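For ligands, and for the atoms within them, numbers begin at 1 and follow the listed sequence. From a predicted model like this one, the values you see are computed outputs, not experimental measurements.
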Amino acid sequence: MNLKLWLLLLFFCAVIVPAQLKKHKHDEHDKHAERDRHGERDRHGHNDKHGKSGKHPGKRVKGRLEELKAEFDNTDDTDDDDDPNDWLFELQDLKGKCSPNPCLNGGVCEEKRDKFRCKCPKQFVGRRCQRGKKVCKPGTCGTGLCLLTSSPPYYKCKCIPPFAPPTCKTPAPCAPNPCQNNGRCVSDEGDFKCVCPAGFSGQYCQVDPNDCYEGDGQSYRGKVSETEEGDECLDWNSNFILDRGYFPSTGFASSEGLGPHNFCRNPDGDKKPWCFVKKNKRLRWDHCNVRKCPTPATTTQKIVTTTTKAQPTTAAFTPKATTLQPTIPAKTDASITPESTSSAQITPESTGSAQITPESTSSAQITPTPPPQVRPTNANVTRSFLTCGKPQPKKQLNRIYGGLKAIPGAHPWQVSVQIKPKGSVQGYRHICGGTLIKPCWVLTAAHCIDKKHDYSVVLGGLNLVQKEPTDQTVLVEDTIIHEKYKETPDVVYNDIALLKLKATNGECAKETQFVKAACLPKEPFADGTECSISGWGATETSEYGSMHLLDAQVLLISQEACSSNKVYAALLDGGMFCAGYLKGGVDSCQGDSGGPLTCEKDQIHYVYGIVSWGDSCGEKNKPGVYTRVIKYLDWINEKTAGSQ
Ligand code: ARG
């Protein structure tokens, strides 16, 4: 250990430990937050659906006040990033270069020897500018919301009626009158109620009689600010959202319609307007209690005839989960219904050109595609797969809490490796992930393969239980397991295998916007690089896996740090590396095995790791272990040589 680290440790003992002891109560809370972050890979968060704080008809008025206080009194709010180990782990992460830029939210990276430093825009802090400025301190806004603003003092308090300004601490029903549109405010046991003029609705009578959304509600600019569950929406610029790493103003495909208000919106191609809510002190989202505009008679027919996709009704999945479709309409054209765009996008002929969204046109990554209506023939198949590692995601970012749902086309090399008992007539079922590296070759983990099963792969899909128009199912002709693959109770060595796909009419995978090959790495990536993992594996709340493709960002962890006694000690060999967060949280898990860990350089994505093993999932000091693909390049090239 070097001198600096010792000094820091000394400092830790002298200053931070006593402080941490005082903070014990807060840490208890943090642990919950931490567990919750692990749940980010579960996008649903629906155990809250009937959570304690949901509004129920006939609830006593006093109950609502107590609930508001419990939910919004920020005096005991803790800093999510306050993990006492953070600084130590981040110190390790600080090694590394400015390329790719490790600084988030517009931070400018400066390199000094082997370290980087981020210069953050004013509102952001953190080593990677990952957090909004801590202007919203515990108690700043009492029972209210702390809203971030872009000018000093960079925040504003918004009291939730009946709690009144300036402190938002004491209820003062009807003073001032929170009811809009001439609503009458009635005070009731310390709370208030608005009696709205005919046709007006909403807790503050803010919703006028014509308030409704069209299509999927992307153009909705109405004033409903309540969820289907009856919870009040958080303002889009609420510190509570921003502090958890979600930046609605830059994070969604369209920030139009978002602003310093709490009205329901649909900025990310969901099926209807939604908003963030605070539930049990956690950030959640829910669809809104907003009315769909009556459909003009002329378009009814169209919608009926073009709706081809049945929505799954499985009770285990939340409505939100069902909204992830590979056919999200272009954001700027409010007149396009989800139904009409989906039908326009489902044919293989339309690949690429017919599907380019405003977002994807701005990138220089569009590969030439056959003109629409021309079915790819064997002759032009040879022209496809000319490039690797260049996704054409439909949107820039679609991170919403309670889920990091993969964007259609963001991981076009991701495959679902599926099995059935050898020779049986049973259907295939998902067992592992894999990565398409050539039209007829999939890279996966050796521990996913045995001789008792037949294998097939599904490419281009996001939803495992629904047949999607973008899906391509291809049988596996041959499985090749690394000759030195070995399994012990703790570790798997040389966990790498290749699946040779079976060609039909001379072609295996067909390149589309949703099916592309990842590149094999050429050079190592630096420790601390942020890379991406994806898969249908287990999440904190769905131990059998997710029906939707999920993704997450993980950091490459140095071999040294990962081989420390607290972590995996002597278990790792040179064919493995760790990625994730030593403090726990985001991780791959059962069912993700074989799938890709990709790292990006100059806008090209390289399959740098294969999900292999780990001690549980998301636990502190137990990050995911990945097969170090770069060590096996010769093996891969040798096996796949001479075949497309
Ligand atoms: N072996 C697991 C699988 O078969 C993957 C485990 C990954 N574990 C982890 N903590 N990252 O799906």
With heavy-atom distances below 4.0 Å as the criterion, list the atoms of ligand 1 near S612. 1 (N), 2 (C), 5 (C)

Below 4.0 angstrom from a heavy atom of D592, which ligand 1 atoms are there? Numbered from 1 as shown, please. 12 (O)

Look at the aromatic rings of W536 and H430 and report parallel, tilted or perpendicular, splitting at 30° and 60°. perpendicular

Sub-4.0 Å atoms of ligand 1 with respect to non-hydrogen atoms of G591: 3 (C), 12 (O)

Verify whether one side chain among H447 and S612 offers a donor that lies under 3.5 Å from an acceptor in the other. no

Do C599 and C531 pass the disulfide bond (SG atoms under 2.5 Å apart) test, and can you show the C-alpha distance, the side-chain angles, and the key distance before you say yes or no? CA-CA 5 Å; C599 308; C531 297; 2.1 Å; yes

Shortest non-hydrogen contact between Q466 and D471, atoms and distance: O-OD2, 3.9 Å

S616 heavy atoms within 4.0 Å reach ligand 1 at atoms 9 (C), 10 (N)

Ionic contact status for K583 with E619, cut-off 4.0 Å: no

Subset of ligand 1 atoms that lie under 4.0 Å from at least one heavy atom of G614: 8 (N), 9 (C), 10 (N)

Option with minimal heavy-atom separation from atom 12 (O) of ligand 1, where the choices are A579, G535, S593: S593

Ligand 1 atoms in contact with H447 (distance to a heavy atom under 4.0 Å): 1 (N), 3 (C), 4 (O)

Could you tell me whether C589 approaches ligand 1 through its side chain, its backbone, both or neither, with non-hydrogen atoms closer than 4.0 Å? backbone

Between E523 and K601, is the closest basic N to carboxylate O distance under 4.0 Å? yes

Closest to atom 9 (C) of ligand 1 among protein heavy atoms sits S588 O, 3.3 Å

List for me each residue that meets side chain to side chain donor-acceptor pair (under 3.5 Å) alongside Y632, sequence neighbours excluded, and say none if there are none. N494

Hey, does C617 sit under 4.0 Å from ligand 1 if you only count heavy atoms? yes

W441 meets the ring-ring contact (aromatic ring centres under 6.0 Å, His included) criterion, sequence neighbours left out, with none

Min N/O separation D587 to ligand 1 under 3.5 Å: yes

